[in-house]
2 protein chains.
Amino acid sequence: MTEKIRLFLADDHQILIDGLVAVLKTNKLFEVVGYSLSGENLVDEVADKNIDVLIMDINMPGKDGIEVLKEFNSKGFSCNVIVFSSFDDIKLIKEVLQLGAKGYLTKQSAGENIIEAITTVYNGEEYYSKSVREKIFLSFTGKEKENDATNGQISPESITDRELEILKLISLEYSGKEISEALFISTNTVETHRKNLIKKLNVKTTVGLVKFALKHNLINQ
Amino acid sequence: MTEKIRLFLADDHQILIDGLVAVLKTNKLFEVVGYSLSGENLVDEVADKNIDVLIMDINMPGKDGIEVLKEFNSKGFSCNVIVFSSFDDIKLIKEVLQLGAKGYLTKQSAGENIIEAITTVYNGEEYYSKSVREKIFLSFTGKEKENDATNGQISPESITDRELEILKLISLEYSGKEISEALFISTNTVETHRKNLIKKLNVKTTVGLVKFALKHNLINQ
DNA sequence: TTTTATATCACTAAATTTAGTGATATAAAT
DNA sequence: ATTTATATCACTAAATTTAGTGATATAAAA
C-alpha cells in the first residue's frame, strides 16, 4: 500500500476548511493532517508534521500568505505550497511564484482542480488554474492589460510600500500638504503617488482609494 | 419517507460551493438543487425550483446579497434565506435581518453550524452563529462599541433622507456636479449638504464621509 | 547591459472641494 | 403663533484635487 499524500490547509474561513476537507476526503490518495486559521506558527507546524503539500490562502489575519512564504525561504525550509487566493492579478501571481509557491489556484476554481493541483505538485510539477495560466501567458507575450484581474479585484500586494503609506494617510483624512509634511516629501510627489494609485486601483477619485483601503483593512475602522 | 430539504447555494467562489456541497452531502436530509456564482437571476431561479432554504453570500459581483433580499421583497416572494458572509458588523447584520433573512452565519463558522442553521430555519425558527448572537445581544443591551472610536457618536439616524441620498452618491465617487445632475438640484445645494454632513458627522473632508457611509453600511462596498 | 520599477520633483491648467455668509420656502413641532 | 428642521439656492475666496507631461536617480530584473 502506497503512502497517502499528507496535506495541510490554511485559510481564515473555517467553513472553507470544512468544505475542502469534505472534498478531499472523497479521494483515498489524500490525508488532511491538519489545518490553521491563520499564518501564525504555520511554518513550524508544517515542518513538524512532515507535510507533503500545503494549501494556503494569501489573505489571512495576523500573518498573511506572502509572509509565510518568506518565512519558508528565510528558514531554509521548503514545502510544496499551493496558493489559494480570491485574487488573480499578475503581480501577486508573480510574487508568490517567485517566493517558491508551486501552484496557484483561484477560489473561483472548482473542487476537481484542487485534486489535480495536489497530485501535480506532489509529483514535482507546477500547477496553475486556467485563469492564472492565461494571465501568465498574456504577461509573457506582453499582451496583458495594466493591472487586470478577471474578477475585477486587485490585491493590496500590487501596491508599493510608499504608495501604501500614502494611501493610509489619505484614508486618515490627511490632505496632500499634510502628507508631504508627515513624510518630508514635496506635495508634487504626494499627488503623483495619488494619481498612480487612482490609475492602479482603477478608481475615479480619492473616494475610491479610501473604499479600497477599508475593504482590504489597510486602516482601522 | 420524508421529503428532503431543498437547498440552493449562492457564492462567487466555486471552491466554497464545492466544499459546501461535499459537507451537505453527508446529511441525508438535504438535497442541493442548484447553485449560483452571482446574484443575477437568483430570485427567479429560487422561485422556479421550489427551494426551501437559500444559503447566500453577501459579497458577490454583479448583484450582491443585499440587492437579492430587496428583490425578494419587491417581488413579494419569500424564501428562507441564510446569509453567509465574511463580515459580521452589527449594521450589516441588522440590515439583512430587517430585509427578511432568517439566518446569519459567518464564514468563520464551522461546517456543523450550517447544518444546524438549515434545519433550524427550515423549521420556522431563526439561526445566528455565535459571534452574531453576541453582537446582537451587545447591541440590544447598549454595550456594543459605539460606531466610532471618536467622540462624535453620531448615528446614521441623525442624517436626513436627502443628506443620506447625497452621502451615498458621494460614496459612489460622484462629483458635486454629477450629484446635482442626478438629483436635479443646483451644485450649490449639493455642496451645502456636503458641508452640513461634514459638520454633522464631525469629520474633516469627503474622505471622512465615505468612511462613515461604509462603516454604517449606507452603501454596499 | 538594457530595461523596468520605484520614488522623487516641477510645471500648468482645469475642476472640485472647503469654508464662509446669507436668504427663501415649507412643513412640523412646541 | 412661533420656533425649528429641512431643503433649496447664491456668492465669494481659498485650498485641494485631478489630469496632463516630463525629468532625474536608483535599484532590481531580464
Side-chain angles (χ1 to χ4, degrees), chain A residues 70 89-100 136 139-142 144 146-147 154 156-213, chain B residues 154-213:
Chain A
K70 286 178 180 166
D89 70 271
I90 190 70
K91 297 203 72 167
L92 181 62
I93 295 170
K94 188 181 251 179
E95 182 168 19
V96 302
L97 296 186
Q98 283 172 340
L99 286 172
I136 293 171
S139 172
F140 179 70
T141 57
E144 91 279 24
E146 277 272 321
N147 278 304
I154 293 165
E157 278 78 19
S158 69
I159 300 172
T160 68
D161 290 347
R162 196 55 157 171
E163 283 170 347
L164 187 62
E165 208 168 355
I166 280 152
L167 178 52
K168 283 178 182 174
L169 293 177
I170 287 175
S171 305
L172 292 172
E173 296 192 66
Y174 280 54
S175 70
K177 196 184 168 200
E178 288 171 329
I179 294 172
S180 77
E181 283 160 0
L183 301 181
F184 305 103
I185 55 178
S186 118
T187 59
N188 295 311
T189 306
V190 174
E191 297 309 327
T192 298
H193 284 305
R194 191 200 299 264
K195 270 182 293 192
N196 291 337
L197 280 165
I198 286 175
K199 248 190 207 160
K200 196 178 262 193
L201 300 181
N202 198 31
V203 296
K204 287 167 66 185
T205 63
T206 298
V207 168
L209 297 181
V210 178
K211 286 163 74 176
F212 179 89
Chain B
I154 308 296
S155 76
E157 285 73 31
S158 69
I159 300 172
T160 69
D161 290 348
R162 196 53 157 175
E163 283 170 348
L164 187 62
E165 208 169 354
I166 279 153
L167 178 52
K168 283 181 182 174
L169 293 177
I170 287 174
S171 304
L172 292 172
E173 294 192 68
Y174 280 53
S175 70
K177 196 184 166 201
E178 287 171 329
I179 294 172
S180 77
E181 283 160 1
L183 301 181
F184 304 105
I185 54 179
S186 121
T187 58
N188 295 311
T189 307
V190 174
E191 296 310 327
T192 298
H193 284 305
R194 192 199 299 263
K195 271 182 293 188
N196 291 336
L197 280 165
I198 286 176
K199 250 190 205 161
K200 197 179 263 192
L201 300 181
N202 197 30
V203 295
K204 286 167 65 185
T205 63
T206 298
V207 168
L209 297 182
V210 177
K211 286 164 74 177
F212 180 89

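In what follows, chains carry the letters A, B, and so on, assigned in the order in which the sequence lines appear, proteins first and then strands, with residues in each chain numbered from 1. Not measured: the values here are computed from a predicted model.
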Q: For B/I159 and D/dA7, give me the distance from atom CD1 to atom P, rounded to whole Å.
A: 11 Å
Q: Atom CG of B/L167 and atom P of D/dA7: how far apart are they, to the nearest Å?
A: 13 Å
Q: I need the CZ-C1' distance between B/R162 and D/dC9, as an integer number of Å.
A: 13 Å
Q: Just so I know, are the side chains of A/R194 and A/T206 near enough to count as touching, which here means a heavy-atom distance under 4.5 Å?
A: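 Side chain of A/R194 against side chain of A/T206, heavy atoms only: contact under 4.5 Å found.
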Q: Rounded to whole angstroms, how far apart are NZ on A/K204 and C1' on D/dT17?
A: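 Going from NZ in A/K204 over to C1' in D/dT17 covers 14 Å.
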Q: What stem regions, each of at least 3 consecutive Watson-Crick or G-U pairs below 3.5 Å, can be found for DNA chain C?
A: C:1-30 with D:1-30
Q: A/E181 versus A/K177: any side-chain heavy-atom pair under 4.5 Å?
A: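 A side-chain contact under 4.5 Å exists here.
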Q: If you compare every side-chain N and O of B/T160 against the phosphate oxygens of D/dA7 (OP1, OP2), does one of them come in below 4.0 Å?
A: yes
Q: Side chains of A/L183 and A/T189: closer than 4.5 Å at any heavy-atom pair?
A: no
Q: Just by modelled atom types, is the A/S171 backbone N or O under 3.5 Å from a matching donor or acceptor in the B/K211 side chain?
A: yes
Q: Measure the shortest side-chain to side-chain distance between B/H193 and B/I170 over non-hydrogen atoms and say whether it is less than 4.5 angstrom.
A: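 B/H193 vs B/I170: side chains apart.
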Q: Any side-chain heavy atom of B/F212 sitting closer than 4.5 Å to one from B/I159?
A: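 Contact flag for B/F212/B/I159 side chains = yes.
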Q: Measure the distance from NZ on B/K177 to P on D/dT17 and round it to the nearest whole Å.
A: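 Distance check: B/K177 NZ to D/dT17 P gives 21 Å.
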Q: CD1 of A/I166 versus C1' of C/dA7: gap in Å, rounded?
A: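 These atoms are roughly 9 Å apart.
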Q: I need the A/N196 CG to A/L201 CG distance, nearest 0.5 Å.
A: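 One gets 10.5 Å once the value is rounded to the nearest 0.5 Å.
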Q: Side chains of B/T160 and B/K200, heavy atoms from C-beta outward: is any pair under 4.5 Å?
A: yes
Q: Starting from C1' on D/dT8, measure out to CD on B/E165 and report it in whole angstrom.
A: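 Atom-to-atom, B/E165 to D/dT8, this comes out as 14 Å.
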Q: Taking B/E173 for its side chain and A/V207 for its backbone only, find out whether a donor-acceptor pair lies under 3.5 Å.
A: no
Q: Return the value, rounded to whole Å, for the distance between atom CG of B/L209 and atom C1' of C/dT16.
A: 14 Å
Q: Where along residues 178-197 of chain B does a heavy atom fall under 4.0 Å from DNA chain C?
A: B/E191, B/R194, B/K195
